[in-house]
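Below: the structure, in structure tokens.
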Amino acid sequence: MILLWGLGSDQPLAAVRTELAKLGRTAVMIDQRAVLETTVELEIDTEPRGALEWSGIRVDLERVKAAYMRPYDPFGVPALARTAPDAPERRHALAAYEVLRLWGDASPARVVNRLAAMSSNNSKPYQAELIRHAGFSIPATLLTTDPEAVIAFAARHGELVYKSISGTRSIVARLDVMRRDELERVTACPTQFQALVPGIDYRVHVVGDEVFVCELVADSVDYRYAHAVDRRAATIPDEQARACVELARVLELSVAGIDLRRTPAGEWFCFEVNPSPAYSWFDLEGRIATSIARHLAAA
């Protein structure tokens, strides 16, 4: 049995479910929109045992051989939109989330991806060290709450960009060090500054040992928020492809989205690894969903 966990409207989940059907494999969807009607039981001894129930359906977790886990914020699901912060519905939603998270981390099933393995993305500086050890170059980096340190760093490295250090999405932006009044804000919020690396962006998706590449040419340093982005399926040198597969393996991610940039001089930099990539926008040939489905079905 294969489980899918997340919002039923999530495009990556829906695409994998469609591809599994083409393979003749039925997947059970644990839709977080129905979390208030869902109960989960879990007991962990030598192996986890338990069951899921909703709408008169019962699934024994011991029968699950593979799972694709893309859960939404347990408090952000539509069913909790009008509930009070201390409402019992919120406690129920959090409990269901935590039990499924624990099952996914402890289960012998093939899980894409275990939430414990995704935790490296919660600290950008920590993940950057893992990236560097995997053989990629990373930009010169400063993590600080000192405005003067930022100005000195810019004097050494030239133009800078800045971003948050957590796993919460933030917009990567260029820094104008002359705006000293705004730079003072870092005293209240540790911020990561990096030397600007010119070049072309590549989003690499790794599924097991397979690599899928999308080249991105944008009019902004952060292609996710650019006004214009040219996308095309591409390839990268074998050395970088192997390094991406190895990086995903080190992070214990069977599916990963890796952001690379190739400079005009031909040097490759890696910025970060997304442990639960919303790959659909990059999947121009429709191959990533198929690969994930096959990866799950092979279990």
Side-chain angles (χ1 to χ4, degrees), residues 2-18 27-42 50 52-55 57 59 61 64 67-107 111-124 126-127 163-173 189-191 203 205 222-225 251 253 255-257 259 272-283 288-289 292:
I2 299 172
L3 284 185
L4 306 178
W5 179 32
L7 293 178
S9 57
D10 180 58
Q11 192 171 355
L13 274 176
V16 168
R17 191 178 190 182
T18 297
V28 177
M29 179 71 202
I30 311 169
D31 195 335
Q32 285 183 287
R33 293 176 299 185
V35 66
L36 299 184
E37 291 77 51
T38 304
T39 60
V40 194
E41 301 171 359
L42 181 66
L52 277 163
E53 290 191 52
W54 73 100
S55 301
I57 301 171
V59 173
L61 292 174
V64 176
Y68 185 25
M69 306 179 81
R70 280 183 51 83
Y72 197 68
D73 175 357
F75 297 142
V77 297
L80 302 181
R82 294 180 175 84
T83 56
D86 59 347
E89 292 88 348
R90 294 172 70 87
R91 293 195 294 272
H92 175 87
L94 179 60
Y97 178 96
E98 286 298 316
V99 172
L100 279 170
R101 177 185 67 79
L102 288 170
W103 171 81
D105 288 346
S107 173
V111 178
V112 179
N113 286 307
R114 301 181 195 276
L115 269 62
M118 298 186 195
S119 61
S120 70
N121 194 49
N122 293 334
S123 171
K124 294 294 193 296
Y126 171 66
Q127 192 187 74
K163 63 180 73 172
S164 75
I165 63 172
S166 74
T168 302
R169 173 179 281 202
S170 65
I171 301 175
V172 181
C189 180
T191 305
R203 166 53 82 92
H205 287 92
D222 191 335
Y223 64 76
R224 299 169 302 172
Y225 299 94
L251 296 177
L253 302 172
V255 174
D259 286 317
E272 63 180 81
V273 181
N274 188 322
S276 184
Y279 60 83
S280 304
W281 188 71
F282 306 94
D283 195 12
I288 299 174
I292 295 174

In Å and rounded to the nearest 0.5 Å, what is the CD1 to CG distance from Ile30 to Leu7?
12.5 Å
Identify the two heavy atoms, one from Pro277 and one from Gly257, that lie closest to each other, and give their separation to 0.1 Å.
CG-N, 3.7 Å
For Glu89, side-chain hydrogen bond (donor to acceptor under 3.5 Å, both in side chains) partners two or more places apart:
none
With sequence neighbours excluded, tell me which residues meet side-chain contact (heavy atoms from CB on, under 4.5 Å) with Val59.
Met1, Leu3, Val28, Leu52, Trp54, Ile57, Val64
For Gly6 and Leu13, the nearest pair of non-hydrogen atoms, with its separation, is CA-CD1, 3.6 Å
Taking the side chain as C-beta and beyond, is there a heavy-atom pair between Val112 and Met69 under 4.5 Å?
no
Between Tyr279 and Pro12, what is the shortest heavy-atom contact and its length?
OH-O, 2.9 Å
Nearest 0.5 Å, what's the CD-CG distance between Glu98 and Leu42?
11.5 Å
The reported gap from NZ in Lys124 to CD in Glu272 (rounded to nearest 0.5 angstrom) is 4.5 Å
Tell me if a side-chain donor or acceptor on Asn113 pairs with a main-chain N or O of Val255 at a distance below 3.5 Å.
yes
Atom pairs and distances, donor-acceptor, side-chain atoms in residues 116-123, under 3.5 Å, two or more places apart:
| unit_1 | atom_1 | unit_2 | atom_2 | d |
| --- | --- | --- | --- | --- |
| Ser119 | OG | Ala116 | O | 2.8 |
| Ser123 | OG | Tyr126 | N | 3.3 |

Using a cut-off of 6.0 Å, state whether more than 12 heavy atoms not belonging to Glu53 lie near its atom CD.
yes
When you check the side-chain N and O atoms of Arg203 and His205, is any donor under 3.5 Å from an acceptor?
yes
Using 4.0 Å as the upper bound for N to carboxylate O, is an ion pair formed by Asp10 and Arg70?
yes
The reported gap from CG in Leu94 to CZ in Arg101 (rounded to nearest 0.5 angstrom) is 9.5 Å
Between Gln32 and Val77 the two heavy atoms that sit nearest each other are CB-CG1, 3.8 Å
Can you tell me how far apart CD (Glu41) and CH2 (Trp103) are? Round to the nearest 0.5 Å.
15.0 Å
Using atom types as modelled and distance alone, determine if a side-chain donor or acceptor of Asp31 lies under 3.5 Å from a backbone N or O of Ala34.
no
Minimum heavy-atom separation for Leu80 and Phe75, please, with both atom names.
CD1-CA, 3.8 Å
Can you check side chain to side chain contact (heavy atoms under 4.5 Å, CB included) on Thr191 and Ile165, steps first, answer last?
CA-CA 6 Å; Thr191 305; Ile165 63 172; 5.9 Å; no
Heavy-atom closest pair, residues Val35 and Ala96:
CG2-CB, 4.1 Å
Audit row: Asp86, Arg90, salt bridge (charged side-chain N to carboxylate O under 4.0 Å, His left out) steps and yes/no
CA-CA 7 Å; Asp86 59 347; Arg90 294 172 70 87; over 6 Å; no
So Tyr97 and Trp5, would you call those rings parallel, tilted or perpendicular, with 30° and 60° as cut-offs?
tilted
